[in-house]
Amino acid sequence: ILTLDKRLAEVAALLPEVTKGMSGFRSALLSMSITFGHASEDLAKGLYDIVSAGIPLKDSLKVLSTASMGAVATVSNIETVSKLVTRALTIFQMPVEKASHVMDVLYWTVKHGIGRLEDFMNYPVAWAAGKLAGVDFELTSALATAMTKVFKEKRGFTYLARFLEA
């Protein structure tokens with residue numbers, strides 16, 4: 001619990017004007033920990049990643065809940081999933097309500113690509129190139145997934161990014 005409080009203090013440091021409201025987040029993380037089986041400290045790390053990426057605090061628990069369900073479905077850790085969901089939302093400038101759709105695409109990636117979700121941490125390289133090239137999230141993700149069948153994940157995402165930049 002001491003570590004959870006420390007992690008929440010880190011989140012509060014990002015938004016000093018809301019320090020008083022963090023007690024509600026503490027109970028929400030403890031509840032989510034029971035529901036999804038993730039350590040509350042790990043959930044707090046995920047919350048930090050979400051908030052530090054610019055997701056509004058009022059929406060951060062929705063994104064974290066989606067990421068928590070996704071971590072269970074993909075047998076991944078919450079930190080990886082929360083970062084990937086958040087990066088997709090921010091790179092493609094999607095509203096928070098699309099977090100569930102992003103998670104569905106990430107699940108599809110694991111199911112149809114080669115690798116575990118942790119292997120896809122370089123996915124945002126391809127997403128950023130796709131966004132700059134005017135290619136949408138779904139197509140960029142499908143292309144990146146296909147690349148995992150030919151190349152190791154990191155190399156495939158780099159090749160795809162170079163292709164999209166050309």
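Considering CE of Met103 and OG1 of Thr109, their distance stands at 8.5 Å, rounded to 0.5 Å. With rounding to the nearest 0.5 angstrom, the CZ atom of Phe120 is 4.5 Å from the OG1 atom of Thr148. With rounding to the nearest 0.5 angstrom, the OG atom of Ser76 is 4.0 Å from the CD atom of Glu118.
The side chain to side chain contact (heavy atoms under 4.5 Å, CB included) test with Leu47 singles out one residue from Leu29, Ile55, Val63, and that residue is Leu29.
Looking at Ser31, its side chain never comes within 3.5 Å of a backbone N or O of Ala28 through a donor-acceptor pair. Formation of a donor-acceptor pair under 3.5 Å by the Ser33 side chain with backbone atoms of His38 is found in this model.
Under 3.5 Å, the side chains of Asp49 and Ser52 contain no donor-acceptor pair of N or O atoms.
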> So Phe157 and Phe151, ring-ring contact (aromatic ring centres under 6.0 Å, His included) or not? Walk me through it.
Replying inline: CA-CA 9 Å; Phe157 299 148; Phe151 304 104; over 10 Å; no
>> If you apply the rule salt bridge (charged side-chain N to carboxylate O under 4.0 Å, His left out), what do you find for Asp119 with Arg116, and how did you get there?
In response: CA-CA 5 Å; Asp119 300 327; Arg116 298 173 12 163; 5.1 Å; no
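With respect to the salt-bridge test (charged N to carboxylate O, under 4.0 angstrom), the residues Arg162 and Glu165 do not qualify.
Applying the side-chain hydrogen bond (donor to acceptor under 3.5 Å, both in side chains) criterion to Asp104, with sequence neighbours excluded, gives no partner residue. Every residue two or more places apart in sequence or in another chain was checked for a side-chain hydrogen bond (donor to acceptor under 3.5 Å, both in side chains) with Ser65, and none qualifies.
When the shell of 6.0 Å around CZ of Phe36 is examined, it contains more than 12 heavy atoms from other residues, nucleotides or ligands.
Taking the six-membered ring for Trp and thresholds of 30 and 60 degrees, Tyr123 and Trp127 have nearly parallel ring planes, at less than 30 degrees apart.
Proximity of His101 to Glu138: side-chain heavy atoms (C-beta onward) are separated by under 4.5 Å at one or more points. Using a 4.5 Å heavy-atom cutoff, the side chains of Val110 and Val75 are not in contact. Within the 4.5 Å cutoff, the side chain of Met32 has heavy atoms near those of the Ser68 side chain.
Met94 and Trp108 are members of different hydrophobic clusters when ILVMFWY side chains are connected at heavy-atom separations under 4.5 Å.
Residue pairs satisfying the salt bridge (Lys or Arg N to Asp or Glu O under 4.0 Å) criterion with at least one member in residues 76-94, sequence neighbours excluded, are listed as follows: Glu79-Lys83.
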